[in-house]
Amino acid sequence: MVLSGGLVLGLHSLMTLLSPQEAGAIKADHMGSYGPAFYQSYDGSGQFTHDFDGEQLFSVDLKKREAVWRLPEFGNFVYFDPQSGLASITMIKAHLDVLVERSNRTRAANVPPRVTVLPKSHVELGQPNILICVVENIFPPVINITWLRNGQTITEGVAQTSFYAQPDHLFRKFHYLPFVPSVDDFYDCKVEHWGLDEPLFKHWEPQVPTLLPATTETLVCTLGLALGLAGFLVGITLIITGTCLSSTPR
């Protein structure tokens, strides 16, 4: 992937704090956040999100122009007009030139992302599972994430989330890969980002416990039995010796 060209990123966020406490209290029991919404000049992309208590409920992508729910079931109970999210992105885009001038055209620093790969559930060979590639500390939100199995790119069944906002104004993203664990397969999550000098590969393969050969198992069992028998005989000898000594006339 070649990531080149300038990037201008605008952010907007509106938060609502919900608390049963009296007016003036600063501690909130729940927090809803409309945003952050952002637009960036690189490839003309933008996103609007809605979070509740730190969890993303849905997002609106500028190119897809539709609301994408984090869990599809949410859309059965609540409706959100994507035009509201697109309007926020359009507002940021309209003020982009002003933001650039105010920043004296200073480029933001590229932050190297942090990558973790883990299975969704306990791994058992031959049992379907899902690999999760968690990419955190993303800035700017321009990134390529690719799955590889045994060094070959995989696209079938792959899913991803939109960008999640972190409290430190960076972003995170999740990529999912359905798979069936096998001792013959290994996987890599490949990440390309402006903050990296070269693509980052996060390796994962199933950890299969090493089984002892039959001869080794037999030897271990034999030694254990011998040690147990020796301990038993020593114990009997000590008991008999102690009995004899106690019965000897003084």
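In what follows, every heavy atom counts, from backbone to side chain, and hydrogens, waters and symmetry copies are set aside. In this chain, residues are counted from 1 in sequence order.
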#### Entry: Residues clustering with Leu131 (ILVMFWY side chains joined when closer than 4.5 Å, directly or via others)
Val117, Val123, Trp147, Ile154, Val158, Leu177, Phe179, Tyr187, Trp204
### With Lys202 via side-chain hydrogen bond (donor to acceptor under 3.5 Å, both in side chains) - residues at least two apart
none
### Message
Under the rule for ring-ring contact (aromatic ring centres under 6.0 Å, His included), what residues qualify as partners of Phe186, not counting sequence neighbours?
### Response
His203
### Task
Can you tell me which residue pairs pass the disulfide bond (SG atoms under 2.5 Å apart) test with a partner in residues 142-174, sequence neighbours excluded?
none
### Query
Quick one: disulfide bond (SG atoms under 2.5 Å apart) pairs with a partner in residues 120-198, sequence neighbours left out?
Cys133-Cys189
### Summary
Taken to the nearest 0.5 Å, the spacing of Thr161 OG1 from Arg172 CZ works out to 9.5 Å
### Message
Let me confirm one number: the CD-CD1 distance from Glu192 to Ile143, rounded to the nearest 0.5 Å.
### Response
9.0 Å
### Task
Kindly indicate whether the side chain of Val115, heavy atoms from C-beta on, has any atom under 4.5 Å from the side chain of Phe201.
no
### Heavy-atom side-chain proximity of Val191 to Pro113 below 4.5 angstrom
yes
### Task
Compare every heavy atom of Pro140 with every heavy atom of His193, then report the nearest pair and how far apart it is.
NE2-O, 3.0 Å
### Query
Leu118: what forms a side-chain contact (heavy atoms from CB on, under 4.5 Å) with it, not counting sequence neighbours?
Thr116, Ile132, Val134
### Task
Name all residues meeting the salt bridge (Lys or Arg N to Asp or Glu O under 4.0 Å) criterion together with Glu124; count only those two or more places apart in sequence or in a different chain, and write none if there are none.
none
### Query
Does the pair Lys173 and Ile138 meet the rule for a side chain to side chain contact (heavy atoms under 4.5 Å, CB included), with working shown?
CA-CA 8 Å; Lys173 200 174 180 68; Ile138 303 173; 3.9 Å; yes
### Message
Listing request: all side chain to side chain donor-acceptor pair (under 3.5 Å) pairs with a residue in residues 128-141, at least two apart in sequence or in separate chains.
### Response
Arg114-Glu136, Ser121-Asn129, Asn137-Gln166
